[in-house]
Number of protein chains: 2
Amino acid sequence: MKSPSQPRDRGIPEATVARLPLYLRALHGMAERGIATVSSEDLAAAAGVNSAKLRKDLSHLGSYGTRGVGYDVEYLVYQISRELGLTQDWAVAIVGVGNLGRALANYGGFVSRGFRVAALVDADPEIVGDTIAGLNVEHIDELEAVIKRRGVSIVVLATPAAAAQEVCDRVIGVGVTSILNFAPVVLSVPEGVDVRKVDLSIELQILAFHEQRKAGGPLMAVDGQ
Amino acid sequence: MKSPSQPRDRGIPEATVARLPLYLRALHGMAERGIATVSSEDLAAAAGVNSAKLRKDLSHLGSYGTRGVGYDVEYLVYQISRELGLTQDWAVAIVGVGNLGRALANYGGFVSRGFRVAALVDADPEIVGDTIAGLNVEHIDELEAVIKRRGVSIVVLATPAAAAQEVCDRVIGVGVTSILNFAPVVLSVPEGVDVRKVDLSIELQILAFHEQRKAGGPLMAVDGQ
DNA sequence: GTGACTTTGTGCATCGGTTCACAAAGGGAT
DNA sequence: ATCCCTTTGTGAACCGATGCACAAAGTCAC
Ligand SMILES: NC(=O)c1ccc[n+]([C@@H]2O[C@H](COP(=O)([O-])OP(=O)(O)OC[C@H]3O[C@@H](n4cnc5c(N)ncnc54)[C@H](O)[C@@H]3O)[C@@H](O)[C@H]2O)c1
Ligand SMILES: NC(=O)c1ccc[n+]([C@@H]2O[C@H](COP(=O)([O-])OP(=O)(O)OC[C@H]3O[C@@H](n4cnc5c(N)ncnc54)[C@H](O)[C@@H]3O)[C@@H](O)[C@H]2O)c1
């Protein structure tokens, strides 16, 4: 059923996709330090993963290594970047310019990859019209217009939880299919829309769970229940 | 090999632990709206998961439901909170009080669960001594002293990448074993220390990957390679 | 009390992901 | 040109997580 001339699978496992940015970061560091080639062992160590996993991950993109030598750093950077879609630049809008939205807007780490903050949108008339990180904050009434005008394809939600679903619905209404959500709510979206969530509070709760285990775990049997 | 009187397994799967906070959030919302009992079906919908998964998750904590009825909301809130260690309060230190650290310090969402921001620490003499969110920013030289004095058990790292490993080593040196890392570096830590990382840029890259697939996926075959 | 109905808790098949371990591939020395 | 050494790419076993499907358990109406 499958032509043998097909070099790539065109179906990269989700777990692999999530690690590619890690490899990319490690490779960038190596490129800066003038390292030309790297073995799977070394790259895996730099990315904090097992070397067999790294090799299997990379094998999903194609056969870009040289046996006995390793991987060419520059070439691998290019291949991973292309696979992730970082060879084009992505216009991102941040909706909700409060504590968090502001921090994100001022963050330089986005631009360094192919992401460009193209719009800031808020509902508070006090904030609308301000210039933050060189961008004018636009009114939420303009949401749809701004997204279309600036060619935004990824929306970052940093509004209060109560407003998140409504904003989400509206941006989906104008064709956005990629959303990064910081509000502590489960967004309901139609098929075909990707939502990734970052929830600080959940991370802390997971840490607390393990911390409790480490500290009082074995003791807890005393209460009998 | 296993006593049947043992009510709980004392070995909750990691995937389950990661979802418990989600259930807890949904339950809190229901408690506020005066809902007394809830079925696995409804709770699962509110948390955005499959109901069989929810039931299996909860079954790891014990048998807290009533067949034919569902789960008592208040009781389940208590059981999950206890399991996650949220019945005690956790002192958190934020190291690196820049854009992001400030946003975190001002965020109310921590306190609402059992987390209390107990200390802010930075290296910049311009910032040290300032009061942010009602807390005095302390100097990084005082790091170890502050952690011990305030009983900090969870550290949030919001320094630049270059400083993260050093700060990490130092807090581990005074007994901290739970770290939430925002800096884009792989931290190397000894056995027994938990690190969770939040990396914005990785989330965007994952979204970009899928966005690219949706947009140009089938077209990409044209380049032949 | 009885029977119909609801909903939990879980055994089981399945799936995706991880890890091991090694044959195949290539480079470089002689 | 041949051999040795290094390192990749991957088959296969393993492991944890998911989801189906249903028997067991409990409620509620009468
Ligand atoms: N600050 C943090 O560290 C942090 C951490 C985790 C999660 N969060 C979550 O991120 C979100 C933002 O947090 P924050 O601390 O920046 O809150 P914030 O109150 O400082 O900012 C929210 C901003 O959203 C704007 N807004 C409100 N309704 C809007 C609407 N309908 N459309 C557009 N903008 C609207 C407000 O005017 C405000 O500027 C919240 O959901 C919060 O729970 C924040
Ligand atoms: N701001 C964001 O939205 C964002 C998003 C993703 C990741 N990050 C990461 O989070 C970290 C912080 O980002 P930011 O935007 O707040 O940067 P920032 O430069 O605004 O803040 C960093 C702070 O750390 C302090 N610092 C430097 N060295 C220190 C040391 N050795 N000990 C203690 N404090 C020290 C600095 O004085 C500064 O106040 C960075 O690693 C960044 O890559 C930030």
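By convention in this document, chain letters (A, B, ...) are assigned in the order of the sequence lines, proteins followed by strands, and residues within each chain are numbered from 1. As the structure is a computational prediction, the values presented were derived from the model and not from experiment.
Distance CG (B/Leu54) to P (D/dA17): 16 Å, rounded to an integer number of Å. When the P atom of D/dG26 is taken as reference, atom OH of B/Tyr64 falls 16 Å away, rounded to whole Å. Residue B/Asp72 contributes atom CG, which lies 15 Å from atom C1' of C/dT8 at whole-angstrom precision. We find that CG of B/Asp57 is positioned 13 Å from C1' of D/dG16, with the value rounded to whole Å. The nearest whole Å value for the distance from the NZ atom in B/Lys53 to the P atom in D/dG16 is 17 Å. Atom P of nucleotide D/dG16 and atom CD1 of B/Ile12 are separated by 16 Å, given to the nearest angstrom.
Sorted by first and then second residue, the salt bridge (charged side-chain N to carboxylate O under 4.0 Å, His left out) pairs with a member in residues 178-205 of chain B read A/Arg25-B/Asp199, A/Arg196-B/Glu203, A/Glu203-B/Arg196, A/Lys214-B/Asp194; sequence neighbours excluded.
Ring centroid separation for the pair B/Tyr64 and B/Tyr71 does not come in under the 6.0 Å cut-off.
Here A/Arg150 pairs with A/Glu138 under the salt bridge (charged side-chain N to carboxylate O under 4.0 Å, His left out) rule; sequence neighbours left out. Under the rule for a salt bridge (charged side-chain N to carboxylate O under 4.0 Å, His left out), the partners of A/Arg116 that lie at least two apart in sequence or sit in another chain are A/Asp89. For the salt bridge (charged side-chain N to carboxylate O under 4.0 Å, His left out) test, residues two or more places apart in sequence or in another chain that qualify with B/Arg19 are B/Asp57. Under the side chain to side chain contact (heavy atoms under 4.5 Å, CB included) criterion, B/Asn50 pairs with B/Ala52, B/Lys53, not counting sequence neighbours. A search for side-chain hydrogen bond (donor to acceptor under 3.5 Å, both in side chains) contacts involving B/Glu144 returns B/Arg170, not counting sequence neighbours. With sequence neighbours left out, the side-chain hydrogen bond (donor to acceptor under 3.5 Å, both in side chains) criterion links B/Glu211 to A/Thr177, A/Ser178.
Among the nucleotides D/dG9, D/dA23, C/dT18, the one closest to the side chain of A/Ser59 is D/dG9. Considering only side-chain atoms of A/Ser63, the nucleotide from D/dA24, D/dG9, D/dA21 that sits closest is D/dG9. When the nucleotides D/dA17, C/dA21, D/dT27 are ranked by their closest atom to the side chain of B/Thr66, D/dT27 comes out on top.
Between B/Tyr71 and C/dG9, a side-chain N or O to OP1/OP2 separation shorter than 4.0 Å is present.
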Distance-only donor-acceptor pairs under 3.5 Å for side chains of residues 94-109 of chain A, two or more places apart:
unit_1	atom_1	unit_2	atom_2	d
A/Arg102	NE	A/Gly98	O	3.4
A/Arg102	NH2	A/Val97	O	3.1
A/Asn106	ND2	A/Arg102	O	3.1

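Comparing A/Gly68 and A/Arg55, the nucleotide of DNA chain D nearest to each residue sits closer to the 5' end for A/Gly68. Between B/Leu58 and A/Asn50, it is B/Leu58 whose nearest contact on DNA chain C lies nearer the 5' terminus.
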Please tabulate, one pair per line, each protein N/O and nucleotide N/O from nucleotides 11-13 of chain C that are separated by under 3.5 Å, including the distance.
unit_1	atom_1	unit_2	atom_2	d
C/dG11	O6	B/Lys56	NZ	3.1
C/dC12	N4	B/Lys56	NZ	3.2

Write out a two-atom table: protein N or O, nucleotide N or O from nucleotides 28-30 of chain D, distance below 3.5 Å.
none

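Contact annotation: side chain of A/Arg67 to base of D/dT7, donor-acceptor pair absent below 3.5 Å.
Residues of residues 30-44 of chain B having a heavy atom closer than 4.0 Å to DNA chain D: none are found. Listed by residue number, the members of residues 14-26 of chain B with any heavy atom below 4.0 angstrom from DNA chain D are B/Glu14, B/Ala15, B/Arg19.
Residue A/Gln88 qualifies as enclosed at atom CD: its count of foreign heavy atoms under 6.0 Å is above 12.
Residue B/Phe115 holds its CZ atom at 6.5 Å from OG of A/Ser201, rounded to the nearest 0.5 Å. For the atom pair CH2 of A/Trp90 and CZ of A/Phe110, the computed distance is 15.5 Å after rounding to the nearest 0.5 Å. For the atom pair CD1 of B/Ile80 and CG of B/Leu61, the computed distance is 6.0 Å after rounding to the nearest 0.5 Å.
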- Message: Set out, in order, the CA-CA distance, both residues' side-chain angles and the distance that settles side chain to side chain contact (heavy atoms under 4.5 Å, CB included) for B/Val174 and B/Leu143, then state yes or no.
- Response: CA-CA 9 Å; B/Val174 283; B/Leu143 181 63; over 6 Å; no
